[in-house]
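To keep things clear, I will list the structure first and then write my remarks on it.
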Protein chains: 4
Amino acid sequence: MSPAAGSRRDLLIDTALEVIVEYGVAGTTHRRIAAAAGVPLGSTTYYFADLHDLLGAAFGRFADEISERFETRLARARTVAEAITEVTGFMLDDFQEPRDLALSYELYAYAIRRPAVKCFVEAWFARSQQALARFFDPVTARLVDTFIEGVFTYRGLARESSDADEIRQALSRLIGIDPSGSRE
Amino acid sequence: MSPAAGSRRDLLIDTALEVIVEYGVAGTTHRRIAAAAGVPLGSTTYYFADLHDLLGAAFGRFADEISERFETRLARARTVAEAITEVTGFMLDDFQEPRDLALSYELYAYAIRRPAVKCFVEAWFARSQQALARFFDPVTARLVDTFIEGVFTYRGLARESSDADEIRQALSRLIGIDPSGSRE
Amino acid sequence: MSPAAGSRRDLLIDTALEVIVEYGVAGTTHRRIAAAAGVPLGSTTYYFADLHDLLGAAFGRFADEISERFETRLARARTVAEAITEVTGFMLDDFQEPRDLALSYELYAYAIRRPAVKCFVEAWFARSQQALARFFDPVTARLVDTFIEGVFTYRGLARESSDADEIRQALSRLIGIDPSGSRE
Amino acid sequence: MSPAAGSRRDLLIDTALEVIVEYGVAGTTHRRIAAAAGVPLGSTTYYFADLHDLLGAAFGRFADEISERFETRLARARTVAEAITEVTGFMLDDFQEPRDLALSYELYAYAIRRPAVKCFVEAWFARSQQALARFFDPVTARLVDTFIEGVFTYRGLARESSDADEIRQALSRLIGIDPSGSRE
DNA sequence: TATGAATGAGTGTTCATTCAT
DNA sequence: GATGAATGAACACTCATTCAT
């Protein structure tokens, strides 16, 4: 893959994500992506076998982005309390609204019927659990990540969702420590 | 509304849900719904102004169904411990796989861009919180429902999700009681 | 035909004309007429065999209206000079803009392919010539009416069309008299 | 534009005109045009953004054709008398029946609601006046063209319309000369 | 007499995809 | 390697018309 080709491929992937945010998967077409990226229509089928290929690549990149952001957050934490703080910060600050929320829901709906794409979600969740495993036992790590997913759903779709304090408190309880507690 | 008309409208709504489960919102068309329902194509636009109208009605019904199932479950509970049991049972037994999971993700993705449909989700979550409020304070009720949402996401998309015991334990912690405890 | 039926039929005819003005023949449908008239859709096919029937009746009424207006105008004239004045007034004052112009063009286009409707136009032109025949010989009467038709086309479609003086002058020349002349 | 592409676009425009003649604007569809032209349905929307685009292009071409025919006619005239002869010949010989008459009426009706198309008519009339201005003052030129328009309406829609002698006579009077007169 | 229900044919349009260059 | 041209299948939707009541 030449650098030029690589960058156009990249551009198409990023643009696909933008288009999904704006129109949803159902409204994402070769034409819209090509137009938004400012490239010829033909190049969308040149770099990707078909639309699902491109969509899959886009969602794969999105899942990676999120995972990296989450890992970066947690890498800063040294204690369980810090981990809680970072996780809360990730949920409330890192997750961009409405882009990331929209992409998540679209990805989930899309993944149900696409095993290859579902793998990206599985890998994303697995990486999250692994990052959490530095501080928690596997079962708790999964519980924490499960709760994180719930918060995202609530943030995007409920009338009101929990604030930082409530989330921190919930996390503390979930991992079985006193919210004001010190360490593991 | 004659019984016949009512039932055909109803049939269309139920069939739309089936089609969404099988093909996703993106693959749901007037033609597929009409064919699956065994009715003339024209009747899909006779009973519903347009496809979004039909989709909206379908998702509205789905959200209602879920809310009713949840309320029915919780109505059986008398104590907090029983509430936990019922909530766990709801998550693991009532929520049909893959139908309900698929419909939830499709609904969430669809709702982002459709305020009218988003209202159904908001109402669903509000009813869940209200049902939980018989046992928990409002903040905790919302936290519990948030966790429930996370469990659904995990159930449908993660490699492994929590089992009954883990969920029960998480719920107990979330509401701040000893998992084996009684109270109320 | 009962009075009630007659009036609803009449209402439909008049409303059809309004709808044609607003949407053109191509955009005129049973539904739009029924909605604009505030009557049930079914009544449009109850009173008229089909849409062309209704359209034909509407154009027939329009042609009659115009003929009557033209005859009323000319009835006031006693001399050729007055006839010229009335004809000019008819063209510039009686012919409502854009309603009558739009209806004329729509009628002409519609009439080409509909012999029954073409008859209405023929009758209209014949009545005009007859009304003019009180003042002019048949050939001149037809020439005058021909010119009138041209003025209508120009009024609706040209950047600029002739004013009252120019029209009066043209008419005078056409009938072979001095514009300031007295009689026949 | 490759010759092939250009010719298919051209073919579509010419075919659209044929279809309008046969079915009227109201009966002109992508499918009929494609079938009449012997091209795939998809190509009608490939070359033209939508049906109005194609219809507009077709009417634009028609208006141009007429203007060119008129100018060609008048270019042959050297004297006013010859101009009258040419104009008369244009009306009675050049204007094909029923094609041109039908297209004119359809165009006029279509133009009322389409400013872009109305411009074509305005341009056509302006070119006619300009061509006539070689022989007549502007006001008279407009009057002559106005009369021409009336003749067309009459030719297509009246029971009887003026013959060559009558037209020639009317024209002579309209321009204020003796029908048998000479003058440059 | 009058109308709401219903439908099949057809409309304009979109678009994934193919392919020659 | 890259792309403009091209198209067939499908889509959402409209509507004239029929008919049972």
Side-chain angles (χ1 to χ4, degrees), chain A residues 1-2 4-6 8-9 12 23 26-35 39-55, chain B residues 1-6 8-9 12 26-35 39-55, chain C residues 1-2 4-5 8-9 26-35 39-55, chain D residues 1-2 4-6 8-9 12 26-35 39-55:
Chain A
M1 194 188 312
S2 78
R8 172 160 286 191
R9 224 188 97 97
L12 283 171
Y23 299 98
T28 297
T29 66
H30 283 124
R31 280 162 173 75
R32 282 218 243 249
I33 296 169
V39 303
L41 173 60
S43 69
T44 57
T45 46
Y46 177 71
Y47 290 105
F48 300 90
D50 58 26
L51 190 58
H52 293 305
D53 225 50
L54 175 44
L55 252 23
Chain B
M1 194 190 311
S2 79
R8 172 162 287 190
R9 223 189 99 97
L12 249 8
T28 297
T29 67
H30 282 124
R31 282 162 175 76
R32 283 218 245 247
I33 296 170
V39 302
L41 173 59
S43 69
T44 58
T45 48
Y46 176 72
Y47 289 103
F48 300 90
D50 57 29
L51 189 58
H52 293 307
D53 226 49
L54 175 45
L55 253 20
Chain C
M1 194 188 309
S2 79
R8 172 161 287 189
R9 224 188 96 97
T28 296
T29 66
H30 283 124
R31 282 162 172 75
R32 284 219 243 248
I33 296 169
V39 304
L41 173 58
S43 69
T44 56
T45 47
Y46 177 71
Y47 290 103
F48 300 90
D50 59 26
L51 189 58
H52 293 306
D53 226 49
L54 176 43
L55 252 22
Chain D
M1 195 189 309
S2 79
R8 173 160 288 192
R9 224 189 98 98
L12 249 6
T28 297
T29 67
H30 282 123
R31 280 163 179 78
R32 282 218 245 248
I33 296 169
V39 303
L41 173 60
S43 70
T44 57
T45 48
Y46 176 71
Y47 289 104
F48 300 90
D50 57 29
L51 188 58
H52 293 307
D53 226 50
L54 175 44
L55 253 21

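Because the structure is a prediction, the values reported are computed rather than measured. Computed from heavy atoms alone, side chains included, the values below leave out hydrogens, waters and symmetry copies. Just so it is clear: chains get the letters A, B, ... in the order the sequence lines come, proteins before strands, and each one is counted from 1.
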Minimum heavy-atom separation for [X] to [Y], with atom names?
X	Y	answer
A34(B)	L41(B)	CB-CA, 3.8 Å
R9(A)	Y47(A)	NH1-O, 3.5 Å
G27(B)	R32(B)	O-NE, 2.8 Å
L12(A)	V39(A)	CD2-CG2, 3.7 Å

For the pair made of [atom1] in [X] and [atom2] in [N], what is the distance, rounded to whole Å?
X	N	atom1	atom2	result
R8(D)	dG4(F)	CZ	C1'	15 Å
L55(D)	dT11(E)	CG	C1'	14 Å
F48(C)	dT3(E)	CZ	P	14 Å
L12(A)	dA2(F)	CG	C1'	13 Å

What is the per-nucleotide protein-contact pattern of nucleotides 12-21 of chain E, from the 5' end, where B denotes a base atom under 4.0 Å from a protein heavy atom, S denotes such proximity for sugar-phosphate atoms only, and - denotes neither? BBBBBBB---

Drop me the distance from L55(B)'s CG to T28(B)'s OG1, to the nearest 0.5 angstrom.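 OG1 of T28(B) is found 6.0 Å from CG of L55(B).
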
Value rounded to 0.5 Å, distance of CG in L54(B) from CD1 in I33(B):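 Interatomic distance, L54(B) CG to I33(B) CD1, rounded to 0.5 Å: 4.5 Å.
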
Decide yes or no for L51(B) and T29(B): does some side-chain heavy atom of the first lie under 4.5 Å from some side-chain heavy atom of the second?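 When only atoms from C-beta onward are counted, T29(B) and L51(B) do not touch, as no gap falls below 4.5 Å.
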
Mind checking side-chain contact (heavy atoms from CB on, under 4.5 Å) for T45(D) and listing every partner two or more places apart, or none if nothing turns up?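 Applying side-chain contact (heavy atoms from CB on, under 4.5 Å) to T45(D) gives H30(D).
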
A correct dot-bracket answer for DNA chain E, with pairs being Watson-Crick or G-U at under 3.5 Å, [ ] for crossing pairs and | for inter-strand pairs, is .||||||||||||||||||||

Would you tell me if any nitrogen or oxygen in the side chain of Y47(A) comes within less than 4.0 Å of OP1 or OP2 on dG1(F)?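 False: Y47(A) side-chain N/O out of range (4.0 Å or more) of dG1(F) OP1/OP2.
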
